[in-house]
Structures are given as C-alpha cells and as structure tokens.
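Model, not experiment: these values are computed from the prediction.
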There are 2 protein chains.
Amino acid sequence: MKNGAVSQAKEQHRLIHELYVLVDDGDRQVLAEQQLSPLEFAVLQQLDADNGQRLTDVGALLLCVKSTITRVMDRLERDGLVLRTQDRDDRRAQRVVLTAKGVYIRNEAVRLHAASVESRMAVLTPAEQRQFLALAGRLATGLRDGLHPDGNGYLHNEATLLELRSNGKEEELLLRQAS
Amino acid sequence: MKNGAVSQAKEQHRLIHELYVLVDDGDRQVLAEQQLSPLEFAVLQQLDADNGQRLTDVGALLLCVKSTITRVMDRLERDGLVLRTQDRDDRRAQRVVLTAKGVYIRNEAVRLHAASVESRMAVLTPAEQRQFLALAGRLATGLRDGLHPDGNGYLHNEATLLELRSNGKEEELLLRQAS
DNA sequence: TATTGTTATACTCTATAACTATA
DNA sequence: TATAGTTATAGAGTATAACAATA
C-alpha cells in the first residue's frame with residue numbers, strides 16, 4: 001500500500017500462515033504421543049480393519065503422490081499398524097487394512113486429537129466460531145476458484161489431480177474434499 | 001460430537017489447513033517466476049544491499065535453525081542474489097547483503113507477490129476482511145498462549161527458540177513476530 | 001494402452017549434533 | 001564458556017520418472 005501501512009490483504013495472508021503454524025504445532029504435540037506425523041494420522045483416518053483402502057484411493061483423498069503413500073504405508077506396516085492385503089477383484093491392487101494395534105492407536109489418536117482441537121479452538125466463542133467459519137469458508141471457496149481460472153492448474157501438488165482429471169474423477173474428488 | 005455432526009472446532013481446524021494449502025499454493029505459483037521458494041523469498045525480504053543481516057538474526061526472525069539458513073544462503077549466493085561479507089565488529093559473524101541482481105529479483109518478487117495477495121484476498125469485501133482479521137487475530141493470540149501454558153514449549157520448531165530463550169531474547173522475538 | 005504399486009533420484013525443510021574460529 | 005557459522009546425518013514430504021504386473 002502507498003503509505004507504508006500494511007494492507008488488510010497482506011495481514012490476512014500473514015495470519016493464515018501463522019494460524020497454520022500454530023495449529024500444526026499443536027497437532028504435532030498431540031500426535032507425538034502416538035508417534036504419528038500429521039500425514040500418518042491422516043492416512044490412518046482413511047483406513048479400517050475390514051475392507052481397507054487401496055493405496056491410490058488414499059493418495060487421491062489426501063492429495064499425495066503414489067510414492068509418498070507407498071512410503072507412509074511402509075512405515076505404518078513396519079510399526080505394525082497396518083497390513084497390505086491383496087485385492088480380490090484387481091490383482092494389481094492392494095487393500096491396506098488396520099491391524100488390532102492400528103485400530104487402537106488410531107482410536108486413541110482420534111480421541112486425543114479431537115479433544116485437543118475442541119479445547120484449542122475454544123479460544124473463540126461458539127458465535128465467533130460461526131462467524132469465522134462463514135468467512136473462512138467463503139475465502140477458501142474463492143481461493144480455490146481463483147487457482148484454476150482457465151480450467152487447469154488446480155493445485156500445485158498436481159500429480160494425483162492430473163491422473164484423476166484425465167480419469168474424469170475431478171468432481172468426485174472435489175466432492176470428497178468439500179465433505 | 002455425539003450425533004455424528006462435525007463440530008465447529010473440527011471444521012475450523014480443517015478450514016485453517018485448507019486455507020493454508022490454497023494460499024501456499026498460490027504463493028508458490030507466483031514465486032516460481034523468480035525461481036524462489038517461499039523460504040528463499042522470506043529470507044530475501046529480510047536483507048538489504050547495504051548493512052545486510054547476520055545469518056543468526058535471519059534465522060531468529062524466520063524461526064529457522066542455523067543449518068537451514070546456511071543452505072538457503074548457499075543457494076542464493078550460488079545464484080548470485082546475495083553475498084557474504086565479513087562483519088567488522090565480530091570476526092565470527094558474517095553479514096549477508098543483496099547483490100544488484102538480488103535487489104532486482106527481490107523487488108520483482110515483492111511486487112508480484114503483493115499484487116497477487118491483494119487480488120487473491122479480494123474474495124472478501126474490505127468489511128469482511130476486517131471481521132476476518134479480528135477473529136483470526138484473536139484465535140492466533142489464543143493459540144499462541146495455549147502452546148506454552150507452563151512457560152515452556154513455545155513452538156515445535158524450538159531449536160532457535162531455545163537458543164534465544166537461554167539468551168533472554170524471547171520477548172524480543174515475540175515482539176518481532178507480533179509486528 | 002492405461003493403471004497399481006514399487007523403486008530410484010533429487011530437492012526443500014526440519015532436527016540434532018559435532019566442529020572451527022572467534023568472543 | 002558461549003556464540004557464529006559450517007558441515008554431516010537422518011528423516012519427512014514433494015516431484016518426477018522408470019519399471020513390472022495386471023487390466
């Protein structure tokens with residue numbers, strides 16, 4: 001801005017970054033008790049003990065490239081939280097399921113994390129939270145639209161997206177994200 | 001929450017993460033024109049062509065460990081954007097200054113990035129931005145307080161913090177952050 | 001031909017720690 | 001003793017691409 005004052009837009013940009021750092025830091029502190037990184041936690045939340053999920057689907061949900069998911073699963077399997085099982089219908093694919101230990105750890109992590117989130121976010125009153133959600137939601141929607149004005153270039157992490165898009169699954173993905 | 005509905009707190013948590021991803025992605029797209037990573041951009045903004053800055057001070061400002069700063073500077077120096085010069089008063093220290101090319105690149109990046117931020121954030125009206133800033137600011141303050149309830153454990157990235165704290169510079173750092 | 005998952009390479013950033021040369 | 005900066009190692013995460021097995 002002209003007069004040396006910091007613009008609202010810039011301040012908004014700074015605050016979004018700061019909020020993320022603070023929230024992420026709190027998450028890591030909580031998840032450290034289960035020895036989980038945020039990504040591992042996110043992966044565990046996509047799995048169950050019965051059907052499981054294919055690696056590719058997990059990657060699509062979390063916007064991760066295949067190789068990243070492979071190695072996260074390697075760690076989780078090494079630690080005994082998940083198991084790779086053959087997919088019956090598609091012999092190329094594997095379904096990853098939670099072990100008993102995995103179920104336990106995931107449930108503990110989910111419980112502790114949820115409680116932590118509730119308490120941390122309680123800095124704002126319920127009414128303020130509603131306001132914040134409305135504004136942040138509109139901002140997120142606007143930013144998402146702005147990133148692909150000409151129909152391409154959705155996210156910087158595009159490998160998975162491109163695969164999905166070429167597969168006609170983009171709407172499906174956006175739905176999942178919005179859910 | 002009990003009935004399967006997602007709590008406001010959880011939704012807030014999710015939105016903060018999503019906002020960050022979207023903003024960061026936009027940043028990377030803009031900065032890619034100058035071949036800068038977000039961290040390199042942040043470092044350049046702390047430097048000038050005259051006095052320069054000591055590596056340690058840059059690290060403290062950006063909450064980075066010494067070794068990270070060393071290697072960012074290596075890259076920037078390799079690309080001809082900065083120069084390491086001896087500090088006259090302290091022969092252990094080096095002052096990093098911008099080269100002519102560095103000044104040009106930094107100014108270009110600052111200009112383009114600022115314009116991009118203004119246009120991206122314009123999704124919200126000025127009035128909405130004021131509301132968002134007020135709420136996000138309160139939330140950030142609350143989160144920051146919550147992270148060190150007993151006086152320690154400020155941020156997960158603590159290496160620099162610990163050094164500063166043992167040095168009695170914590171207040172100074174907090175002031176810098178808040179500015 | 002396209003997809004699933006693995007492997008390999010390279011790069012950014014983080015964390016830790018050993019090391020030097022100064023202070 | 002403590003500090004400034006470098007170097008080394010290890011890890012998480014990203015991006016890209018080659019590859020084998022299968023569809």
Side-chain angles (χ1 to χ4, degrees), chain A residues 21 24-25 27-28 31-32 35-43 52-60 62-78 84-96 155-169, chain B residues 21 24-25 27-28 31-32 35-43 52-60 62-79 84-96 155-164 166-169:
Chain A
V21 170
D24 182 64
D25 188 66
D27 289 347
R28 286 180 192 274
L31 296 175
Q35 315 236 55
L36 297 174
S37 73
L39 181 57
E40 288 165 345
F41 179 57
V43 167
Q53 280 278 354
R54 298 190 318 161
L55 295 184
T56 303
D57 291 340
V58 174
L62 304 180
L63 299 181
C64 281
V65 184
K66 297 183 290 186
S67 56
T68 299
I69 295 297
T70 291
R71 284 193 304 168
V72 170
M73 291 300 181
D74 286 346
R75 290 202 298 273
L76 293 175
E77 194 168 29
R78 182 199 63 193
R84 285 175 165 92
T85 66
Q86 269 298 330
D87 188 307
R88 297 180 192 180
D89 304 331
D90 188 338
R91 290 168 60 194
R92 293 171 302 183
Q94 307 196 12
R95 305 196 76 87
V96 182
L155 269 183
H156 191 259
N157 172 8
E158 292 192 83
T160 308
L161 278 300
L162 290 175
E163 289 180 15
L164 289 170
R165 189 173 302 143
S166 69
N167 210 3
K169 287 191 192 160
Chain B
V21 170
D24 182 65
D25 188 66
D27 289 347
R28 285 179 192 275
L31 297 175
Q35 317 235 53
L36 296 174
S37 74
L39 181 58
E40 289 165 346
F41 180 56
V43 167
Q53 280 280 354
R54 298 191 317 162
L55 295 185
T56 302
D57 290 340
V58 175
L62 303 180
L63 298 182
C64 281
V65 183
K66 297 181 293 186
S67 56
T68 299
I69 295 298
T70 292
R71 284 195 302 171
V72 170
M73 290 301 181
D74 286 347
R75 290 203 297 272
L76 293 174
E77 194 167 29
R78 182 199 64 195
D79 295 344
R84 284 174 166 94
T85 67
Q86 269 297 330
D87 188 308
R88 298 181 192 179
D89 303 332
D90 188 337
R91 291 168 60 193
R92 294 171 303 181
Q94 306 196 13
R95 306 197 74 88
V96 182
L155 269 182
H156 191 260
N157 171 9
E158 292 194 82
T160 307
L161 278 298
L162 290 175
E163 288 181 16
L164 288 170
S166 70
N167 209 2
K169 287 188 192 161

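The neighbour count for B:Gln35 CD, taken as heavy atoms of other residues, nucleotides or ligands under 6.0 Å away, does not exceed 12.
For the helix from C:dT1-D:dA23 to C:dA23-D:dT1, the end axes, each set by the C1' atoms of five terminal pairs, are bent relative to each other by 10° (nearest 10°).
For B:Leu55 and C:dA21, the CG to P distance is 17 Å, given to the nearest whole Å. To the nearest angstrom, P of D:dT3 lies 17 Å from CG of B:Asp87. The CG atom of B:Leu39 sits 10 Å away from the P atom of C:dT12 (whole-angstrom rounding). Here the P atom of nucleotide C:dT6 and the CZ atom of A:Arg92 are 14 Å apart, to the nearest Å. Taking atom CZ on B:Arg71 and atom C1' on D:dT7, their separation rounds to 9 Å, with Å as the unit. Between the CG atom of B:Asp90 and the P atom of D:dA2 there is a distance of 17 Å, given to the nearest Å. B:Lys66 has its NZ atom 14 Å from the P atom of C:dC19, to the nearest Å. We find that CZ of A:Arg88 is positioned 15 Å from P of D:dA23, with the value rounded to whole Å.
Across all their heavy atoms, A:Gln86 and A:Ala93 have their closest contact at OE1-O, 3.4 Å.
Checking each of A:Gln94, A:Arg92, A:Arg95 against A:Asp87 for a side-chain hydrogen bond (donor to acceptor under 3.5 Å, both in side chains) leaves exactly one that passes, namely A:Arg95.
Set against C:dT16, D:dG13, D:dT6, the side chain of B:Thr70 has D:dT6 as its closest nucleotide. The side chain of B:Thr68 sits closest to C:dC13 out of D:dT22, D:dG5, C:dC13.
Using a cutoff of 4.0 Å between basic side-chain nitrogens and carboxylate oxygens, B:Arg75 and B:Asp79 are not scored as salt-bridged.
Within the nucleic acid shown, B:Ile69 has no heavy atom closer than 4.0 Å to any nucleic acid atom. Within 4.0 Å of A:Ser37, counting heavy atoms only, lie sugar-phosphate atoms of the nucleic acid but no base atom. Nucleic acid contact class of B:Arg84 (heavy atoms, under 4.0 Å, all strands): sugar-phosphate only.
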Step-by-step side chain to side chain contact (heavy atoms under 4.5 Å, CB included) determination, B:Thr68 to B:Leu39: CA-CA 10 Å; B:Thr68 299; B:Leu39 181 58; 3.8 Å; yes
| query | Given A:Arg84 and A:Leu76, is the side chain to side chain contact (heavy atoms under 4.5 Å, CB included) satisfied, shown in steps? | reply | CA-CA 10 Å; A:Arg84 285 175 165 92; A:Leu76 293 175; over 6 Å; no
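Side-chain atoms of A:Asp74 and A:Arg71, non-hydrogen and from C-beta on, do get closer than 4.5 Å to each other.
With hydrogens and angles ignored, a donor-acceptor pair closer than 3.5 Å exists between the side chain of B:Ser67 and the base of C:dT16.
Put simply, A:Thr56 has a side-chain N or O that comes within less than 4.0 Å of OP1 or OP2 on C:dG5. In this structure, B:Arg75 reaches the C:dC13 phosphate: one of its side-chain N or O atoms is under 4.0 Å from OP1 or OP2.
Between B:Val72 and A:Gln94, the residue anchored closer to the 5' end of DNA chain C is A:Gln94, taking for each the nucleotide with the nearest heavy atom.
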